Amino acid sequence: MSAELNQNYDPKEVESKWYKAWEKKGSFEGNVQNGKDSFTIMIPPPNVTGILHMGHVLDNTLQDIFIRRARVEGKSSLWFPGTDHASIATQHKVEKALRDEGTSRYELGREKFLERAWEWSDEHGGIIFNQLRKLGASCDWRRSRFTMDAAYQRSVQASFVEFYNRGYIYRGKRLVNWCPASQTALSNEEVEMRPQRGKLYKMRYEIVEEPGRFIEISTTRPETIMGDTGVAVHPDDERYADLVGKHCWRPFPRAEIPVVADRSVEKEFGTGVLKVTPAHDQVDFDIGKRHDLPLIDVMNPDGTLNELAGEEFDGMERFKARKFAVQKLEELGLLIDAEDYDNNVGFSERGGVPIEPRLSEQWYLKYPKVEEAKRAVEKGIIRFHPKRWEKVYLHWLNNIQDWCISRQLWWGQRIPVWYKKGADRSDSANWHVSVNGPSDPENWEQDEDVLDTWASSNLWPFATFGWPSEDPKVKAELDYFYPTSMLVTGFDIIFFWVARMIMSGLELMGEPKEGLTDEEIAQRIPFKDIFIHGLIRDAKGRKMSKSLGNSPDPLDLIAKFGADGLRFGIINIAPSGSDILFAEERIEIGRNFCTKLWNACRFRQMAGGTAEAQSLEAIIDRLAGSQLEGYGNWILFRLLQTMEEIEGQFARFEMHQLTHSLHNFFWGDFCDWYVEAAKAMLQSKDDPRHDAALAVSDLVIRHSLLLLHPIMPHITEELWQAMGYSVDGEFVQDAGLLPAAQLRELLNAKSVSIDAEGARQIELIKELITQARATKAEYNVASKRDVTLFVTPTDDSCATVIEANLDTIKRLAGAATIELVETVENLPGSVSALGTVYLDLSSAVDVEAEKERLSKELEKLTKAIQAGEGKLNNPSFVDKAPPQVVEGARKQLLETRARRDEIARLLKSL
RNA sequence: GCGCGGGUAGCUCAGUUGGUUAGAGCAACUGGUUUACACCCAGUAGGUCGGGGGUUCGAGUCCCUCCUCGCGCACCA
């Protein structure tokens, strides 16, 4: 033992001490190590100015668990960190600061604005990294990348050029999702449909050719009347058949607009007549195209109306204009009705305002390798965990439309396209597309726009390594670490990020090629496994948000429970469903478990012995050849079982079972049973079981620390060192965790064989003890440790087992003496498989209470027996069920009968 | 409208390919300082597994149907 443990575990001191030590020694550095397997995770880059929230805690704890597990398994692990520039979000923040100063980005100009944005990101950036360090995240910080790093920007631009050259990028003029708040185009994914209570207005337009006749129209958006260039009805709608080809009067600005017939009109909706505003609605745009209707854009980029809307509307905000248009309709006597109406309106996620379909020229990406992206998942080359997210992914891929990737923002990677000065920009003959720009820059001007943030983060798994550089180091690292092992993220960004990374990888991580084989897919994909976790909500299921004040600061929680406590706690409650209900009390288990671990180790230290524990072999040598007594055999059996469980959980990505297995084993088995039993063996150094008990404890604690290390890295490191398990100051991660099967072999090789039958006997002993304790509790002598117990063993072999474990039974049940006898009269007893255990009472037995208790038990058993008999008397069960199931049922029935008879006998004897 | 995921103890959730008397943590209750730990120990109570139907020797688990909650996608102006 090298260092004596304090009475209390102090996470604060311990955590920072070891984190520094790890960093200093480069423990997190992931390097190419030929001959070793690599294990790589790219962090989902948080926003550069973001601060740690509970979602990050979950996401990063999970990643750290996978990474650290891979390290203890001896893989060359790399957890690659970085941040995202979050174009629109960051620009918003900077613009808000500017507004507070009474200025704007337009006043400042692009260059000055970008300086401010860089200042902002330098100032706020990196905060989250320090917070992640406090959590214990073992990222290779040397490598940290930012999506606005010069090199990364070049990668992004290179991808644009590459996509362009391969024919995936084009420029198009069409209706886009326009955010009037941010004044930029958005992709479809950035539009969130929100239910809105509005009004459906019914109004009438007069027929030009038949004055006095009106056509009734329903609309939710009267403010776009000024942009109407037609009215549409369904071609089969008899009500209006005679009007098709005629015209009606648009009320303001007053103009003749045609009535057209178009199949996209629903006859059943409203009056069956649709006003057509091609510049402000997608459906209308399509109708307009088919019928050659003119486009009148009546809105400015900021959502106010322009001069084309007429003098009265010019400059008016769009929702004001809606009211005003209604008022005007009313004045003109054209408004028939306005009824309440619920519909869904697209909102800009970031801007928080309704989007405006707006005609503009933008850059589009036709998604590459869509078929391969689907096939990768369908064929299991990429696997989602849990699997059901596959469907979400495939459904999206089956319905995708081209991606609008240009943004009318300044903070981001500028689009690498230059236009010949003074020439027609819509003619591609006047374009120059390259990373470095034209050789005669004075004759060109660069596209003003930047790329969608996700059009840069989709390169994250390879641009971070330096793609497309030809540098041999870059190639070697990509060769070694790519495809990365897995991705850990929330389901909310499957479309935004996960799917797009897959398609980009498939297209760019190899030569241009139509159609990929499965082998090529396997080489090009960015990751093999995708672990999708839920989103953290508060205890009532509400989203965590600053305004609700229900979002705890993880640093406060770390202060309260320790980083390890928080990590254990969050994983323990996490992977339940798609929502994780967070309540601080639920984290307590993590802190409590840390304390338990600490005290178990303290106890081991107090038990003494300067035994050799620096290596697994040394500990096993201490056991070599010794015949393990029952509990030792049992706890090692359980250790191997637990190790196998955990191996399976990692293999199947069942993280929700991890903490349960470990908690159950270490607390429920080791502390509650083995340590308590071992106390009997540790009383005297002369006890032949003494040294073995210490060795078994060391073996169990050592492995528990190894198994727990990925979840609770700091405390396990502290204990590892303090317990003297470390060789030459090496860390837990250097020790190497053997698979259960190899550990078993190693034990076998030293003639330490773990025996399942022996373990089962201890389970029976535990049952007997539990029964004895329950009886004592029933008679309010639970805390008395000097009672006498009588046991009537079921048979001779049971008697032998009990005899062999007498001293531990005494200790664990709290009895001064235990006598094995033939029969007992007039004492309360409880039945167990090994025998019936009776409590010797000096006072009289409460016969009535005892009768009640036994009758209840009897009833339960009788029911079980009826069920069992029914089953076994049923010929079809005996014939059809597998023999081992029938055999099991038979055995079960016998045992239950014996137990019932014993209870009945007890009852009678009272 | 289409799709996905839930509904199991007071709460939060486990429950592998159908197979003993359905489990855990927390909360509750009772009693407790024993060679570490009250952030602890021992014990008790609490469930007709959302309803109905079906398949089967056997269903929390598979199928159908309904109710209910949550989420995603689409969307009629």
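Since we're looking at a predicted model, the values are computed, not measured. Each chain gets a letter, A, B and so on, in the order the sequences are listed, and its residues count up from 1. What's counted below: heavy atoms across the whole structure, side chains too, no hydrogens, waters or symmetry copies.
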Sugar-phosphate, base or nothing in reach of [X], heavy atoms under 4.0 Å:
X: A:P875; answer: nothing
X: A:T770; answer: sugar-phosphate
X: A:D284; answer: nothing
X: A:T220; answer: sugar-phosphate
X: A:D879; answer: nothing
X: A:A889; answer: nothing
X: A:Y341; answer: sugar-phosphate
X: A:L861; answer: base
X: A:S783; answer: sugar-phosphate
X: A:V885; answer: base
X: A:Q683; answer: base
X: A:A600; answer: base
X: A:R773; answer: sugar-phosphate
X: A:R602; answer: sugar-phosphate

* Structure fact -> Of A:H280, A:R322, A:R318, the one forming a side chain to side chain donor-acceptor pair (under 3.5 Å) with A:E223 is A:R322

Under 3.5 Å donor-acceptor pair, [X] side-chain atoms to [N] base atoms:
X: A:E676; N: B:A42; result: no
X: A:K202; N: B:A77; result: no
X: A:K391; N: B:C4; result: no

Phosphate OP1/OP2 of [N]: any [X] side-chain N/O under 4.0 Å:
X: A:K596; N: B:C41; result: yes
X: A:H660; N: B:C13; result: no
X: A:N343; N: B:A77; result: yes

* Which sits closer to the 5' end of RNA chain B, A:L682 or A:V878, going by the nucleotide each is nearest to? -> A:L682

* Structure fact -> Assert: residue with more 5' nearest nucleotide on RNA chain B, out of A:D342 and A:S876, is A:S876

* **Other residues, nucleotides, ligands: >12 heavy atoms within 6.0 Å of A:K560 NZ** => no

* Asked: Above 12 or not: heavy atoms from other molecules or residues under 6.0 Å from CD of A:Q401?
  -> no

Residue [X], side-chain atoms from C-beta onward, closest of [options]:
X: A:Q7; options: B:C37, B:U34, B:G72; result: B:C37
X: A:C671; options: B:A36, B:A77, B:C75; result: B:A36
X: A:V283; options: B:C76, B:C41, B:G19; result: B:C76
X: A:A881; options: B:G19, B:A77, B:U21; result: B:G19
X: A:S218; options: B:C41, B:A77, B:C75; result: B:A77
X: A:L581; options: B:G43, B:U34, B:C13; result: B:C13
X: A:F269; options: B:C76, B:A36, B:G15; result: B:C76
X: A:A774; options: B:U44, B:C37, B:G15; result: B:U44
X: A:D579; options: B:U21, B:G70, B:C37; result: B:G70

Check for a donor-acceptor pair, side chain of [X] on one end and backbone N or O of [Y] on the other, with a separation under 3.5 Å.
X: A:D228; Y: A:G230; value: no
X: A:K776; Y: A:A813; value: yes
X: A:N599; Y: A:T595; value: yes
X: A:R785; Y: A:R811; value: yes

* To do: Kindly express the pairing pattern of RNA chain B in dot-bracket notation, using | wherever a base pairs with another strand and counting only Watson-Crick or G-U pairs under 3.5 Å.
  => (((((((..((((.....[...)))).(((((.......))))).....(((((..]....))))))))))))....

* Structure fact -> In A:D286, A:D236, A:D237, the residue satisfying salt bridge (charged side-chain N to carboxylate O under 4.0 Å, His left out) with A:R263 is A:D236

Could you tell me how far apart [X] ([atom1]) and [N] ([atom2]) are, to the nearest whole angstrom?
X: A:M606; N: B:A36; atom1: CE; atom2: C1'; result: 6 Å
X: A:W667; N: B:A36; atom1: CH2; atom2: P; result: 16 Å
X: A:D786; N: B:G32; atom1: CG; atom2: C1'; result: 14 Å
X: A:W598; N: B:A38; atom1: CH2; atom2: C1'; result: 19 Å
X: A:W396; N: B:A74; atom1: CH2; atom2: C1'; result: 15 Å
X: A:K891; N: B:U21; atom1: NZ; atom2: P; result: 15 Å
X: A:R785; N: B:G43; atom1: CZ; atom2: P; result: 13 Å
X: A:K810; N: B:U35; atom1: NZ; atom2: P; result: 16 Å

* **Salt-bridge present (A:R197, A:D340; N to O < 4.0 Å)** => no

* Least distance between heavy atoms, A:K275 atom then A:T224 atom -> NZ-OG1, 2.7 Å

Could you give the distance separating [M] and [N] at their [atom1] atoms, to the nearest angstrom?
N: B:U8; M: B:G50; atom1: C1'; result: 10 Å
N: B:A28; M: B:A74; atom1: P; result: 47 Å
N: B:G58; M: B:C40; atom1: C1'; result: 43 Å
N: B:G3; M: B:U65; atom1: P; result: 11 Å
N: B:C66; M: B:U21; atom1: C1'; result: 32 Å

* To do: Report the distance from atom CG of A:L682 to atom CE of A:M606, rounding to the nearest 0.5 Å.
  => 13.5 Å

* To do: Classify the ring geometry between A:H663 and A:W667 as parallel (under 30°), tilted (30 to 60°) or perpendicular (over 60°).
  => tilted

N/O to N/O distances under 3.5 Å, protein versus nucleotides 26-28 of chain B:
none

* Should A:L597 and A:F666 count as side-chain neighbours, where that means a heavy-atom distance under 4.5 Å? -> yes

* Asked: Would A:Q605 and A:R602 count as having a side-chain donor-acceptor pair, cut-off 3.5 Å?
  -> no

